[in-house]
Amino acid sequence: MTLTTFLELAKVCEKLTKTTKTLEKTKIVSNFLSKLEKEEISPAIFLIIGTIFSETDPRTLNINWKSLEPVLKSLKQKTLFQEKLTITSVYKTFLKIAQISGKGSQRKKKDMLISLFSQVSPLEKKFLMRNIFGEMRHGVKEGVMIKAISVASGLDYSNIKRAYMINGNIGEIGKIALEDGEEGIKKVSIKLFQPIKPMLGEIVEDLNQAFNKHGKNLALEYKYDGIRVQIHKSGKIVRIFTRHLKEITSNFPEIIKKILDNIEIDDIIVEGELIAIDSNGRPLPFQDLMHRFKRIYEIKKVQQLIPVSLLLFDIIFCNGKSFLNIPYQKRWKKLSEIVKNFDLAKRIITNNIDEANIFYNNAISEGHEGVMIKALTSIYHPGERKNDWLKLKSEIRLDIVIIAADWGSGRRHKWLSNYHLAVIDEKEEFQVIGKTFKGLTDQEFENITEELLKLKINDNQYTV
DNA sequence: GCTGATGCGTC
DNA sequence: GTCGGAC
DNA sequence: GTCCGACGACGCATCAGC
């Protein structure tokens with residue numbers, strides 16, 4: 001058995017940067033995967049797409065540019081004896097780095113990085129750095145990787161993709177596909193406490209567009225401005241996962257209790273939006289909800305301060321049975337039967353655009369983000385952005401003044417792309433309300449920059 | 001023990 | 001989360 | 001239609017440095 005060197009992986013990555021063609025990228029990666037030893041498959045997949053860990057894995061490196069920069073600066077010239085780094089040895093080093101915590105941990109991590117980097121060629125260094133930043137910039141992420149796994153294993157693309165969307169661990173899926181083949185991939189199924197990738201919605205400009213795409217038979221649901229959550233329950237155990245499959249169970253004890261009190265079914269996976277509300281039940285801004293997100297200390301105290309509400313809108317699994325292939329309207333029916341004392345997302349079913357518009361306007365005036373428009377007959381496509389689900393968000397209807405603007409960075413460096421906003425209050429003074437950069441096209445940035453520069457009263461190179 | 005910088009994850 | 005660009 | 005990369009604010013925890 002010969003282990004593959006990290007240099008070979010770096011060469012593959014370099015090759016990927018030389019082409020923009022997806023087919024070619026797929027071929028390069030699949031050829032490489034086919035040559036690997038069994039134990040190398042999963043680490044290689046993660047190192048190529050530049051994520052180290054599966055989405056479901058809570059571990060992180062806690063290293064980024066500011067920590068890596070001093071490491072790179074302190075590197076001496078080549079050491080005398082060079083050990084050949086292999087894919088698995090590099091991966092193990094990353095795992096060790098992720099494990100270090102506590103006082104002096106940054107120092108230890110830096111020492112490990114120094115010894116790692118002092119063993120490598122410039123090409124290896126380039127991609128080791130990108131691995132740490134999680135930005136490979138060679139155009140291969142999950143999507144192309146799934147294609148490559150499919151080619152390398154000779155298995156059907158859609159089966160691999162589906163397995164990945166259900167399992168969430170692309171390294172594991174690659175290993176199963178290449179080792180166990182079709183049989184292994186077919187065995188991948190929904191499991192409790194293993195979150196699946198949530199189905200996504202496509203943006204539409206207005207309801208006309210939505211009706212044109214769907215034709216008849218559609219449902220409109222309120223779209224709440226909060227955190228998308230997937231809730232797994234088995235017996236007395238309940239766990240909550242986010243859109244990116246991170247666990248946030250301990251942040252919302254009252255939700256756990258409510259689930260246990262109101263859902264009798266033993267094994268179930270449901271989905272909804274978690275929002276912050278005030279004492280009257282009106283929605284609070286997203287930032288307020290952030291006070292509870294990732295919180296470890298004073299959970300009980302902040303729980304009183306910022307109450308949350310969970311609005312359910314889908315069911316994915318129930319009593320050993322997957323609901324992914326059940327049409328939307330039947331899933332909703334099942335959901336509403338099971339969770340009688342629970343709030344479901346507010347919704348209507350209609351073919352009438354006027355009725356839909358009234359519903360949408362109600363959502364906005366009640367302080368919500370907009371509506372989701374869903375095809376009644378559509379099944380649940382994990383991890384995919386299909387037009388079975390459409391999202392319509394509110395336009396800004398607020399008289400605001402841009403009081404300052406920051407120069408953008410990267411692609412936006414020529415424009416003033418980040419605007420400090422204010423409203424004018426009763427005393428005719430500016431009340432700063434926040435900043436934004438969203439919702440504009442490049443041309444709009446161009447125009448706004450031009451207009452703002454005419455009005456500028458001060459410029460410190462950064463903020464105008 | 002306190003504070004600011006840094007990293008991470010939500011949108 | 002948004003947007004533009006490549007396929 | 002789909003995927004990828006390049007962008008931003010904000011809030012929390014952690015850790016280095018004092």
Side-chain angles (χ1 to χ4, degrees), chain A residues 16-17 19-26 49-51 53 55 58-70 98 100-110 130 132-147 157 161 200-203 213 223-229 241-248 251 273-276 285-299 302 306 369-370 381 383-388 391 393 405-413 415 417-421 433-445:
Chain A
L16 290 170
T17 65
T19 174
T20 59
K21 305 229 185 313
T22 311
L23 281 175
E24 222 169 304
K25 289 179 195 291
T26 308
I49 64 174
T51 58
F53 298 110
E55 269 190 297
R59 291 176 292 181
T60 56
L61 290 180
N62 275 301
I63 299 286
N64 214 311
W65 175 243
K66 287 285 180 184
S67 322
L68 192 59
E69 192 183 19
I100 302 170
S101 69
K103 208 172 171 66
S105 60
Q106 286 298 311
R107 185 68 248 168
K108 282 183 206 161
K109 289 186 186 203
K110 278 174 190 169
R130 293 188 181 186
I132 289 166
F133 300 149
E135 295 172 356
M136 300 309 281
R137 305 189 196 180
H138 54 30
V140 175
K141 275 235 180 306
E142 282 84 353
V144 182
M145 183 55 80
I146 294 293
K147 286 179 183 156
Y157 166 75
K161 184 171 180 177
L200 305 168
E202 211 175 71
I203 296 173
K213 288 202 182 200
K223 185 177 191 311
Y224 302 94
D225 188 11
I227 298 176
R228 175 102 178 250
V229 290
F241 301 91
T242 68
R243 176 157 125 68
H244 294 295
L245 318 186
K246 301 294 176 199
E247 183 164 6
I248 50 169
N251 294 104
E273 189 86 4
L274 200 54
I275 60 167
F286 181 76
Q287 283 97 316
D288 289 336
L289 182 58
M290 282 295 96
H291 289 294
R292 298 200 51 183
F293 179 73
K294 283 184 86 184
R295 177 170 287 281
I296 293 180
Y297 306 104
E298 302 188 300
I299 290 178
V302 184
I306 302 164
E369 208 180 26
H381 300 276
E384 294 189 83
R385 203 180 286 283
K386 296 254 175 197
N387 67 27
D388 289 339
K391 58 178 163 183
K393 300 223 253 182
D406 301 333
W407 290 101
S409 62
R411 205 172 60 80
R412 291 180 173 179
H413 74 278
W415 302 318
S417 69
N418 186 20
Y419 308 117
H420 300 236
L421 304 176
I433 55 173
K435 295 196 236 177
T436 188
F437 62 97
K438 287 212 280 196
L440 295 171
T441 63
D442 287 2
Q443 186 58 48
E444 286 168 321
F445 276 125

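Per chain, numbering begins at 1; letters A, B, ... match sequence-line order. Owing to the predicted nature of the structure, the values given are computational and were not obtained by experimental measurement.
At least one side-chain heavy atom of F286(A) sits less than 4.5 Å from a side-chain heavy atom of I227(A).
Looking at residues two or more places apart in sequence or on another chain, you find a side-chain contact (heavy atoms from CB on, under 4.5 Å) between K21(A) and T19(A), E24(A). The salt bridge (Lys or Arg N to Asp or Glu O under 4.0 Å) check on R59(A) picks up D57(A), with sequence neighbours excluded. Taking the side-chain contact (heavy atoms from CB on, under 4.5 Å) definition, one finds that P285(A) meets it with Q287(A), D288(A), sequence neighbours left out. Partners of F133(A) under the ring pair (Phe, Tyr, Trp, His ring centres under 6.0 Å) rule, at least two apart in sequence or in another chain, are W65(A). Partners of R243(A) by salt bridge (Lys or Arg N to Asp or Glu O under 4.0 Å), not counting sequence neighbours: none found. Listed by chain and number, the residues in a side-chain contact (heavy atoms from CB on, under 4.5 Å) with E369(A) are K223(A), D225(A), K393(A) (sequence neighbours excluded).
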Annotated protein contacts, base or backbone, on nucleotides 12-18 of chain D with a non-hydrogen cut-off under 4.0 Å, one of B, S, - each: SSSSS--
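Contact annotation for K147(A): no contact, since no heavy-atom pair falls under 4.0 Å across all strands. The residue I63(A) sits close only to the backbone: its heavy atoms come under 4.0 Å of sugar-phosphate atoms, none of a base.
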For residues 138-147 of chain A, dump all side-chain donor-acceptor pairs below 3.5 Å to protein atoms at least two apart in sequence or in another chain.
unit_1  : atom_1 : unit_2  : atom_2 : d
H138(A) : ND1    : V140(A) : N      : 3.1
H138(A) : NE2    : I48(A)  : O      : 2.8

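Scanning residues 132-142 of chain A for heavy-atom distances under 4.0 Å to DNA chain D yields R137(A), H138(A), G139(A), V140(A), K141(A), E142(A).
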